[in-house]
J.: 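Mind looking over this structure? Questions follow.
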Amino acid sequence: MRALNVRWCTGAAGVGYVVLAGLENMDFLAAPGRGDPGATAAYYTANPGGLRLAALVGALALVSYAAFAAGLFAALQHRRDPWALLLVTAGVAGPAVAAVSLLARVAAIAAPPADRLVRLHALHLDLRLAGGVLLGLTLIGAGVAAGVRERLLPRWLAACLLATGAWLVPVSAAALLSPGPLLDALAFAGFVADAVCVGVLATWLLLPRAGFAPTLAWLVFFVVSLAAGVSGAALLAFPGSTRTFFSWPLGPPPLAATIGACYVVAAAVYGLALRAGGPARRWAEARGLLGGVGALSVPIFVVTLHHLEAFDFAAWQAWAWVILFGLFPAAAAAAVWAGRRPYRRSSHNAVGWAPLVYGLLLAAAAMVLLAAPSVAAGLPVAAGPFGARVLAGWCALAAFLALRVATRPATETRPAAVALPLFPVAWLLAPLPYVPSGMGTVVWCTACATLLALALLPRPR
């Protein structure tokens, strides 16, 4: 049990580091290098509040990385091994050096004279590269101690850690000693590879030890809950600034908040499916949620291909949107197909009429929004064609889950049943702070209240 707890805590810390580091460096394409004082001054004076928030997120990321390294060290049996000591020493020293780098960045945000600001920014970059050397040594120590010496990690994962560490150490050192655009870019690629390795290792630690189908289903649920949770929180917190961090300039704010609330509901529902045992113990339940992934992803992916002009593919977020919504239905279908044999259909004759009506209403709403998105212009969300059709995808997900609840026994639909009241509550509360009163708002609130009432009616046993 102790080993299981250490594995899960270490995996959670690694995932936390990857998410927080990604949020901290969301604007990496706009961040200046050392050689342009004008761009550096403009960068720090344009959005000081956002940079302070990024520094706070970065500090949390460093704490998560240190916890991740300490957790790996705690999982080892031979902790006096030199490679194990390298793992824990570099894993703690690297975040410590990077923390000093963050302090230099915070000092630069205070907007001192331009020459001092440029020096502080250069110091921030130098210390980050010095921290990169230590992060690379952490990966090397982990690869040898946990992968080669003790066989705690699979060979392919240990090889990835060693290769990434062997890349990050010399490239970061070279960029520190001989600054230049090429070496800076290579060092940043090493940081990205480091985050990918930590994310893969952390996910591997969290994975249930089950067959192919439950494991793939768990991965789908994990990625959905993680991506949806991060995106939803950002959209709810900053519904008027989606152009700077989201996959496409989602607006107006009521629509951004509404879709953000949909993401948060999805994160809660699919996160609930990851509870002890996950798909391995509740395969019938998992099948329904995998179908929900397809019900959401397929229409949104098709609509995305129809509205590619809405995306700026110079931003990585646009590529992430297209790739994830393209991969989700394929991965969900593969998991359902792989798990078809162990699934036994249970006898269930009772139909829940309330969730059935709920599902039919939302299915009709999804079809209307897909075919005639202009009808959303009179609603509080006031969505354009692409935004309205994306909202239709969320209606399709809620409709699918409701129909599943209406036709399957309660033991197979627990997370889906949780989603039914959450969606109308999210749709009701999220846009209201941003919209005036009017007939459209009355219609919207009435529809959400009707769906909520249907969701709360008892189902037949």
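Positions are given from 1, in the same order as the sequence printed here.
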J.: Would you check if Trp248 and Thr242 make a side-chain contact, meaning some heavy-atom pair closer than 4.5 Å?
T.: no
J.: Which residue pairs pass the side-chain hydrogen bond (donor to acceptor under 3.5 Å, both in side chains) test with at least one member in residues 262-271, sequence neighbours excluded?
T.: none
J.: Side-chain contact, heavy-atom cut-off 4.5 Å: Leu76 with Asp81?
T.: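 Result no, sub-4.5 Å side-chain heavy-atom pair not found.
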J.: Aromatic contact between Tyr17 and Tyr65, with the criterion being ring centroids under 6.0 Å apart: yes or no?
T.: yes
J.: For residues Ala213 and Ala335, report the shortest heavy-atom separation together with the two atoms involved.
T.: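 Minimum heavy-atom contact is CB-O, 3.7 Å.
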J.: Taking the six-membered ring for Trp, are Phe423 and Trp394 parallel (under 30°), tilted (30 to 60°) or perpendicular (over 60°)?
T.: tilted
J.: Counting only heavy atoms not in Trp319 (residues, nucleotides, ligands), do more than 12 fall under 6.0 Å from its CH2?
T.: no
J.: Can you tell if the side chain of Val133 reaches within under 4.5 Å of the side chain of Leu168, non-hydrogen atoms only?
T.: no
J.: Keeping Ser231 on the side-chain end and Ala228 on the backbone end, is there a donor-acceptor pair under 3.5 Å?
T.: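 No, because the side chain of Ser231 does not come within donor-acceptor range (under 3.5 Å) of the backbone of Ala228.
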J.: Rounded to the nearest 0.5 Å, what separation is found between the OG atom of Ser178 and the CG atom of Leu183?
T.: 7.0 Å
J.: Indicate the atoms forming the closest heavy-atom contact of Pro431 with Ala426, along with that distance.
T.: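 The pair with the smallest heavy-atom distance is CD-O, 4.1 Å.
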J.: Is Leu162 close to Leu139 at the side-chain level, that is, under 4.5 Å between some pair of heavy atoms?
T.: no
J.: I'd like to know whether Leu201 forms a side chain to side chain contact (heavy atoms under 4.5 Å, CB included) with Leu157, so could you lay out the CA-CA distance, the side-chain angles of the two residues, the decisive distance to 0.1 Å, and finally the verdict.
T.: CA-CA 7 Å; Leu201 174 53; Leu157 186 50; 3.5 Å; yes
J.: Do Val63 and Leu20 have side chains that approach each other closer than 4.5 Å (heavy atoms only, starting at C-beta)?
T.: no
J.: Could you tell me the separation between the OG atom of Ser172 and the CH2 atom of Trp167, rounded to the nearest 0.5 Å?
T.: 10.0 Å
J.: Answer yes or no: is there a side-chain heavy-atom contact under 4.5 Å between Arg414 and Thr411?
T.: yes
J.: Run the side chain to side chain contact (heavy atoms under 4.5 Å, CB included) check on Leu205 and Trp8 step by step: do they pass?
T.: CA-CA 6 Å; Leu205 291 172; Trp8 277 47; over 6 Å; no
J.: Could you pull out the closest heavy-atom pair between Ala142 and Leu87, with the gap in Å?
T.: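 Smallest heavy-atom distance, with atoms named: CB-CD1, 3.8 Å.
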J.: Does His78 offer a backbone N or O that forms a donor-acceptor pair with the side chain of Glu150 under 3.5 Å?
T.: yes
J.: Work out which heavy atom in Val18 is nearest to a heavy atom in Ala195; give both atom names and the distance.
T.: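 Here Val18 and Ala195 meet closest at CG2-O, 3.4 Å.
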J.: Does Phe325 have any ring-ring contact (aromatic ring centres under 6.0 Å, His included) partners at least two apart in sequence or in another chain, and if so, which?
T.: Trp321
J.: Using 0.5 Å steps for rounding, measure from the CG atom of Leu452 to the CG atom of Leu420.
T.: 10.5 Å
J.: How long is the span from the CG atom in Leu135 to the CG atom in Leu62, to the nearest 0.5 Å?
T.: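 Leu135 atom CG to Leu62 atom CG measures 8.5 Å (nearest 0.5 Å).
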J.: Any donor-acceptor pair under 3.5 Å linking the side-chain atoms of Arg389 with those of His307?
T.: yes
J.: May I ask you to check whether Phe246 and Phe311 place their ring centres under 6.0 Å from each other?
T.: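 No, they do not, as the ring centres are separated by 6.0 Å or more.
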J.: Is there a donor-acceptor pair closer than 3.5 Å between any side-chain N or O of Arg149 and the backbone N or O of Ala146?
T.: no
J.: Check whether any side-chain N or O of Asn25 sits under 3.5 Å from a backbone N or O of Ala21 as a donor-acceptor pair, and report yes or no.
T.: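 Yes: the side chain of Asn25 pairs with the backbone of Ala21.
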J.: When you compare the side chain of Val322 with that of Phe313, does any pair of heavy atoms fall below 4.5 Å?
T.: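 Yes - at least one pair of side-chain heavy atoms lies under 4.5 Å apart.
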J.: Okay, side chain of Trp427, backbone of Thr258: is any donor-acceptor separation there less than 3.5 Å?
T.: no
J.: Give a yes or no on whether the backbone of Gly91 and the side-chain of Thr138 come within a donor-acceptor separation of less than 3.5 Å.
T.: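 At least one qualifying donor-acceptor pair exists.
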J.: To the closest 0.5 Å, what do you measure between CG (Leu56) and CD (Glu24)?
T.: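 So the CG of Leu56 and the CD of Glu24 are separated by 10.0 Å.
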J.: Which atoms form the tightest heavy-atom contact between Ala366 and Ala396, and what is the distance?
T.: CB-N, 4.0 Å
J.: Could you check Leu161 against Ile140 for side chain to side chain contact (heavy atoms under 4.5 Å, CB included), going step by step and ending with a plain yes or no?
T.: CA-CA 6 Å; Leu161 295 176; Ile140 293 174; over 6 Å; no
J.: Please assess Val336 against Arg287 for the test side chain to side chain contact (heavy atoms under 4.5 Å, CB included), listing each intermediate value before the final yes or no.
T.: CA-CA 6 Å; Val336 171; Arg287 281 174 59 93; 3.8 Å; yes
J.: What are the two closest non-hydrogen atoms of Ala13 and Ser64, and how far apart are they?
T.: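 For Ala13 versus Ser64, the nearest heavy atoms are O-CB, 3.5 Å.
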J.: Measuring only between side-chain heavy atoms, which start at C-beta, is Arg105 closer than 4.5 Å to Leu120?
T.: no
J.: When rounded to the nearest 0.5 angstrom, what distance separates CD in Glu412 from CZ in Arg408?
T.: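 Going from the CD atom of Glu412 to the CZ atom of Arg408 covers 4.5 Å.
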J.: Between the side chain of Ser101 and the main-chain N/O of His124, is any donor-acceptor distance below 3.5 Å?
T.: yes
